[in-house]
Amino acid sequence: HSSVAMMSPPSGDVGFAGPPRPTSLAGPFLKSTDVIDKESYFSTSLKAEKVSSSDIQSNWAPKQLRPVPAFYPLERSTRLVEDPLEDVVARVSEANRVLSIHAVYCDDTATASLLTAEHVEMQLSLWKTGGPNQPEGIAVELQRRKGDSIAFHRYSRHILDAAVGDFDSNQHLESYGEDYDLIYSKKVQRMLSLETLKEDESQLENAIIAIEIAHGLLMKDRMDARQLGLESLCLLTDPNKTGRGTALIASRVVLLGSSHDPDAEQDDDVLYDEGPFQEIRQTILSLVQLRRIGESDGFDEDANDEDDEHMVILHNLALAVLANALDVIENEDRLDDTPESVKPAARDRLGSASSVCESFLEEAEEISGDKEILKTLISELGKAGDKPHNACLSAKCIGSLCRASDKARRRAKELGAKTVVQTALEVGTRTHLRLERECQKVMTTLNTRTD
């Protein structure tokens with residue numbers, strides 16, 4: 001038998017000691033010329049741009065960190081940080097605020113439950129590392145529990161960058177603004193603008209077909225079909241994602257139950273069955289005000305089953321559809337594709353947004369059984385501490401209504417909207433940037449004098 005000599009690993013090399021660990025925690029591997037040392041490229045620039053946390057007010061104060069449990073495989077979305085714990089949690093907390101993520105922190109276990117506006121649920125955990133095969137520090141681990149994986153990776157990249165001090169909130173806001181999807185929506189809008197020039201004649205027909213498909217999904221008994229129908233309406237009422245003309249038509253359907261402009265002359269050659277449009281408006285109002293679709297499927301606060309969880313999502317999507325529709329109607333003149341020769345006539349319809357909003361308020365009260373939509377939205381805004389995403393959408397709805405209609409503004413003041421908005425503004429300032437900005441807009445509108 002021939003003997004085999006085993007080569008011992010070089011001194012100081014931990015690459016072969018023990019089972020393999022995630023690269024962020026395993027320390028340096030073989031120092032070979034074939035391996036690119038990324039740290040030498042990025043360490044200088046990153047340290048120079050590292051954000052100081054001395055002036056950041058943290059919403060998270062964990063008492064102590066637990067060690068990584070035995071036989072516990074850390075997620076790939078994990079970073080090792082060697083900074084003080086106070087700095088790490090302050091930077092992560094600030095990133096969650098800037099990204100408008102609803103975070104529920106637990107100081108005892110050093111964990112946080114995160115929920116984005118896109119219904120992506122994440123679990124953030126801090127672990128204490130250190131041992132014979134690990135460098136000492138803090139392992140910041142982010143797990144996706146539910147939701148879109150692509151959206152999760154977008155958010156996780158920023159949160160983990162913030163943990164190591166590489167996330168600049170000011171630079172992020174300059175690049176993306178308040179809406180994280182806006183940068184992608186602008187690219188889509190450029191493509192849509194080229195197509196809409198060719199398809200003006202068929203735009204109405206295509207929009208009606210899309211709305212009818214969404215109606216068919218909403219009227220099904222399955223919760224997933226209803227959710228897909230509401231998500232379709234969210235896209236159809238967003239001019240950045242579906243085009244300006246389609247967004248105007250879909251917004252009139254949501255608010256008025258009709259695809260026609262109430263101030264424009266009717267075309268007798270184009271007739272559509274508006275029964276489905278009325279059902280769409282009724283469904284949106286029912287979900288916003290009563291948290292149900294039709295006479296059944298009510299929302300039970302004490303229940304925890306899957307149907308009620310879906311109803312929470314449907315309620316949020318209905319608020320998003322309503323907020324989009326009101327925003328489109330408020331800015332109808334800016335979005336209108338009317339030729340310049342006809343613009344003066346279009347500008348004579350300056351009261352169009354006001355009349356649409358006031359008609360919506362009156363008809364919504366009749367449909368919902370004398371239940372005011374403004375009162376419902378203000379009540380939803382008052383729950384900003386527990387549900388900031390819903391509160392943000394409610395603030396957007398209130399702002400659009402008050403800016404478009406003096407009558408709505410006076411009624412909001414009578415219902416005590418100022419106090420509720422101020423409280424929500426304080427919540428947004430601490431934890432949710434988008435809520436803060438929307439509340440500031442509403443407060444500015446409410447402080448404007450009405451004639």
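Since the structure is predicted, the reported quantities are computational estimates derived from the model, not experimental observations. Heavy atoms only: backbone and side chains are in, while hydrogens, waters and symmetry mates are out.
- One finds no salt bridge joining Glu75 and Arg144 here, because no Lys/Arg side-chain nitrogen approaches an Asp/Glu carboxylate oxygen to under 4.0 Å.
- Residue Val68 comes nearest to Trp127 through the heavy atom pair CG2-CB, 3.6 Å, listed as atom of the first residue, atom of the second, then distance.
- Under the 3.5 Å distance criterion, the side-chain polar atoms of Lys413 are matched with a main-chain donor or acceptor of Leu446.
- With hydrogens and angles left out, the side-chain atoms of Asn316 and His389 include no donor and acceptor closer than 3.5 Å.
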For Arg97 and Glu94: C-alpha separation, side-chain torsions, deciding distance, then whether salt bridge (charged side-chain N to carboxylate O under 4.0 Å, His left out) applies.
CA-CA 5 Å; Arg97 186 191 73 85; Glu94 175 65 10; 3.0 Å; yes
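- The distance from the CD1 atom of Ile101 to the CG atom of Leu433 is 11.5 Å, given to the nearest 0.5 Å.
- Taking the side chain as every heavy atom from C-beta outward, Leu228 and Ile213 never approach each other to under 4.5 Å.
- In this pair, His158 and His172 present their aromatic rings perpendicular. The plane angle is above 60°, beyond the 30 to 60° band.
- Counting all heavy atoms, side chain and backbone alike, Lys241 lies closest to Leu235 at CD-CD2, 3.7 Å.
- Partner Leu319 forms a side-chain contact (heavy atoms from CB on, under 4.5 Å) with one of Leu377, Ile284, Leu287 and no other, that one being Leu377.
- Atom NZ of Lys418 has more than 12 heavy atoms from other residues, nucleotides or ligands within 6.0 Å.
- Under a 3.5 Å cut-off, the side chain of Thr242 and the backbone N or O of Asp238 do not form any donor-acceptor pair.
- Side-chain N or O atoms of Glu82 include none that pairs as donor or acceptor with a backbone N or O of Gly137 at under 3.5 Å.
- Checked for salt-bridge contact, Arg291 and Glu380 meet the test: a charged N lies under 4.0 Å from a carboxylate O.
- With Val89 as the fixed residue, the side-chain contact (heavy atoms from CB on, under 4.5 Å) test singles out one of Ile138, Leu126, Val140: Leu126.
- Around CD of Gln123, the count of heavy atoms belonging to other residues, nucleotides or ligands within 6.0 Å exceeds 12.
- Panel note: side chain Thr376, backbone Glu372; a donor-acceptor pair is recorded below 3.5 Å.
- Glu414 and Arg411 are joined by a salt bridge, as a carboxylate oxygen and a charged side-chain nitrogen come within less than 4.0 angstrom of each other.
- Arg252 has a carboxylate O that lies under 4.0 Å from a charged side-chain N of Glu332, or vice versa, which qualifies the two as a salt bridge.
- Checking side-chain atoms of Asn324 against main-chain N and O of Cys234 turns up a donor-acceptor pair under 3.5 Å.
- A donor-acceptor pair under 3.5 Å is absent between the side-chain atoms of Ser251 and the main chain of Val328, judged by distance alone.
- A 4.5 Å side-chain heavy-atom check between Tyr105 and Pro62 finds every atom pair outside the cut-off.
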